[in-house]
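Just below is one structure, and these are the notes that go with it.
Just so it is clear: chains get the letters A, B, ... in the order the sequence lines come, proteins before strands, and each one is counted from 1.
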There are 2 protein chains.
Amino acid sequence: MESLETLLSVLRQNHLKITPQRRLILEILVDDASHPTVDQVYQQVITVMPNVSRTTVYNTLHELVALGVLIEVQDMGAGGGRYDTNASQHHHLLCTHCHTLLDIERDFPELELTPVEACGYRIARHQVTFYGVCPCCQQALASQEESI
Amino acid sequence: MESLETLLSVLRQNHLKITPQRRLILEILVDDASHPTVDQVYQQVITVMPNVSRTTVYNTLHELVALGVLIEVQDMGAGGGRYDTNASQHHHLLCTHCHTLLDIERDFPELELTPVEACGYRIARHQVTFYGVCPCCQQALASQEESI
DNA sequence: ATTCTACTTAGTAATTATTATAAACTGGGG
DNA sequence: CCCCAGTTTATAATAATTACTAAGTAGAAT
Ligand SMILES: [Mn+2]
Ligand SMILES: [Mn+2]
Ligand SMILES: [Zn+2]
Ligand SMILES: [Zn+2]
């Protein structure tokens, strides 16, 4: 994600007030590349400002998405959507067991649909998700099988 | 999706009773390649059997997913997850405006992560989603701009 | 610095999606 | 035809998100 200063200036440019709550949420987001859920952001928020409401977290995340500096990603299985603080074009590697989600920064420019495949759609971008099992979960699954 | 007969035999092989409710849901699924939501399946169900409960639809869809003949897909923006009656490996083309989701049956075998990119994950598969605007929505958006 | 106001927040309620529970029902083997 | 494990339904509970509104405040204007 961009630096805190960049994000603050985006807010200013869009005439959004820089409240302590918004500032805290931005600070948390720039430090968290784990694709957190709304609730994970909220839990971090209330360790610092215990009175912030969930509504404020929802509002702020939605505003950042509307401004294009935050992306919503879907994750099979986990509760609720997750937010991606890396708004640049990139791809993902998901552990199907614990849902840890890593960024893959490489580009895959060779992915192009033929006109007949595209069916008249005007294609803007593509996104690849690799599914697998992370090293931690491989170990956990292996020792689980042993104990059977 | 497989034929109705194939699905019925999968149920039989797994000692699941073929009830009128399940049969109807299967009939609906084999005819619907639109990646419907739970509610869209339910709405079709109750036009034929008005007393079927949502729980039965949820249960049946989950059972089919467990049997591997139905896939859950995530769709940014639309309400709830969607079900994919095409359980084979394939990719998707999503209209970011109306969320129409088309299957792309081509394979992309060249998509491989290097060991360093894979970070120790044991990778099982990958899935590509192309994002764009479908012809209908292109027209709608164009005429909308005209009227401004 | 003080005032003012439109924007923001917190708290609560409402909505929506999904899962849990348990009593009544039934497909299909025997 | 009987029977019972599996299934369905209705209802309640849980979870995720959105709506609403009175109270609070950031930042511009004075
Ligand atoms: Mn990412
Ligand atoms: Mn599909
Ligand atoms: Zn894992
Ligand atoms: Zn469309």
Side-chain angles (χ1 to χ4, degrees), chain A residues 4 7-28 35-67 70 72-83 99, chain B residues 4-5 7-28 35-46 48-67 70 72-83 99:
Chain A
L4 180 60
L7 292 177
L8 291 175
S9 71
V10 170
L11 289 191
R12 281 190 205 99
Q13 282 161 27
N14 290 84
H15 316 294
L16 296 173
K17 290 179 181 172
I18 298 174
T19 66
Q21 294 90 338
R22 279 178 179 160
R23 178 183 286 270
L24 173 58
I25 293 170
L26 295 186
E27 287 170 1
I28 287 169
H35 306 83
T37 63
V38 178
D39 196 63
Q40 287 167 341
V41 175
Y42 172 71
Q43 296 301 334
Q44 293 183 63
V45 166
I46 61 174
T47 62
V48 180
M49 292 177 63
N51 297 321
V52 173
S53 77
R54 274 200 163 75
T55 304
T56 297
V57 178
Y58 275 105
N59 287 343
T60 303
L61 295 182
H62 288 169
E63 286 152 6
L64 294 174
V65 169
L67 295 176
L70 186 66
E72 280 185 273
V73 292
Q74 308 293 144
D75 164 30
M76 305 172 76
R82 293 168 69 167
Y83 285 89
H99 302 112
Chain B
L4 180 59
E5 275 314 315
L7 292 177
L8 291 175
S9 70
V10 170
L11 290 191
R12 282 190 204 100
Q13 282 161 28
N14 290 86
H15 316 295
L16 297 173
K17 290 180 181 172
I18 297 174
T19 65
Q21 294 91 339
R22 278 179 180 157
R23 178 184 286 271
L24 173 58
I25 293 170
L26 294 186
E27 286 171 1
I28 287 168
H35 305 84
T37 64
V38 178
D39 197 63
Q40 286 167 341
V41 175
Y42 172 71
Q43 295 301 335
Q44 292 183 64
V45 166
I46 60 173
V48 180
M49 292 178 62
N51 297 321
V52 173
S53 78
R54 275 199 162 75
T55 303
T56 296
V57 178
Y58 275 106
N59 287 342
T60 303
L61 295 181
H62 288 169
E63 286 152 7
L64 295 175
V65 169
L67 295 176
L70 187 66
E72 281 185 271
V73 291
Q74 308 294 144
D75 163 31
M76 305 171 75
R82 294 168 69 166
Y83 285 89
H99 302 113

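- The salt bridge (Lys or Arg N to Asp or Glu O under 4.0 Å) analysis of residues 7-18 of chain B, with sequence neighbours excluded, yields no pairs.
- In this structure, B:Q44 contributes its side chain and B:V41 its backbone to no donor-acceptor pair below 3.5 Å.
- Remark: A:S9 pairs with no residue by the side chain to side chain donor-acceptor pair (under 3.5 Å) rule, at least two apart or across chains.
- Here the shortest heavy-atom pairing between A:I46 and A:V52 reads CG2-O, 3.9 Å.
- Looking at heavy-atom distances under 4.0 Å, B:N51 makes contact with sugar-phosphate atoms alone, never a base.
- For the pair B:Q21 and B:T56, the tightest heavy-atom approach, listed with the atom from each and the gap, is CB-CG2, 4.0 Å.
- No donor-acceptor pair under 3.5 Å is formed between the side chain of A:T60 and the backbone N or O of A:V57.
- Between the CG atom of B:L24 and the P atom of D:dT9 there is a distance of 11 Å, given to the nearest Å.
- Across residues 53-64 of chain A, A:T55, A:Y58, A:H62 each have a non-hydrogen atom less than 4.0 Å from an atom of DNA chain D (numbered order).
- Atom CG in B:D39 sits roughly 9 Å away from atom P in C:dT18 (whole-Å rounding).
- Among residue pairs with one or both ends in residues 45-65 of chain A, those qualifying as salt bridge (Lys or Arg N to Asp or Glu O under 4.0 Å) are A:R22-A:E63, A:D39-A:R54; sequence neighbours excluded.
- Atom CG in A:L64 sits 5.5 Å away from atom CG in A:L26 (nearest 0.5 Å).
- Taken over five-pair windows at either terminus, the axes of the helix from C:dA1-D:dT30 to C:dG30-D:dC1 are inclined to one another by 30° (rounded to 10 degrees).
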CA sep, side-chain torsions, deciding dist, call: B:Y42, B:T37, side chain to side chain contact (heavy atoms under 4.5 Å, CB included): CA-CA 9 Å; B:Y42 172 71; B:T37 64; over 6 Å; no

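- The CZ atom of B:R82 sits 16 Å away from the C1' atom of C:dA17 (whole-angstrom rounding).
- Rounded to whole Å, atom C1' of C:dA17 lies 14 Å from atom OH of B:Y42.
- Rounding to whole angstrom units, CE of residue A:M49 and C1' of C:dT8 are separated by 12 Å.
- The stretch residues 12-23 of chain A touches DNA chain D through A:K17, A:I18, A:P20, each having a heavy atom within less than 4.0 Å of the strand.
- Inter-residue side-chain proximity for A:L67 and A:L16 is flagged as met; some heavy-atom pair is nearer than 4.5 Å.
- Within the 3.5 Å criterion, the main-chain N or O of A:P36 finds no donor-acceptor partner in the side chain of A:R82.
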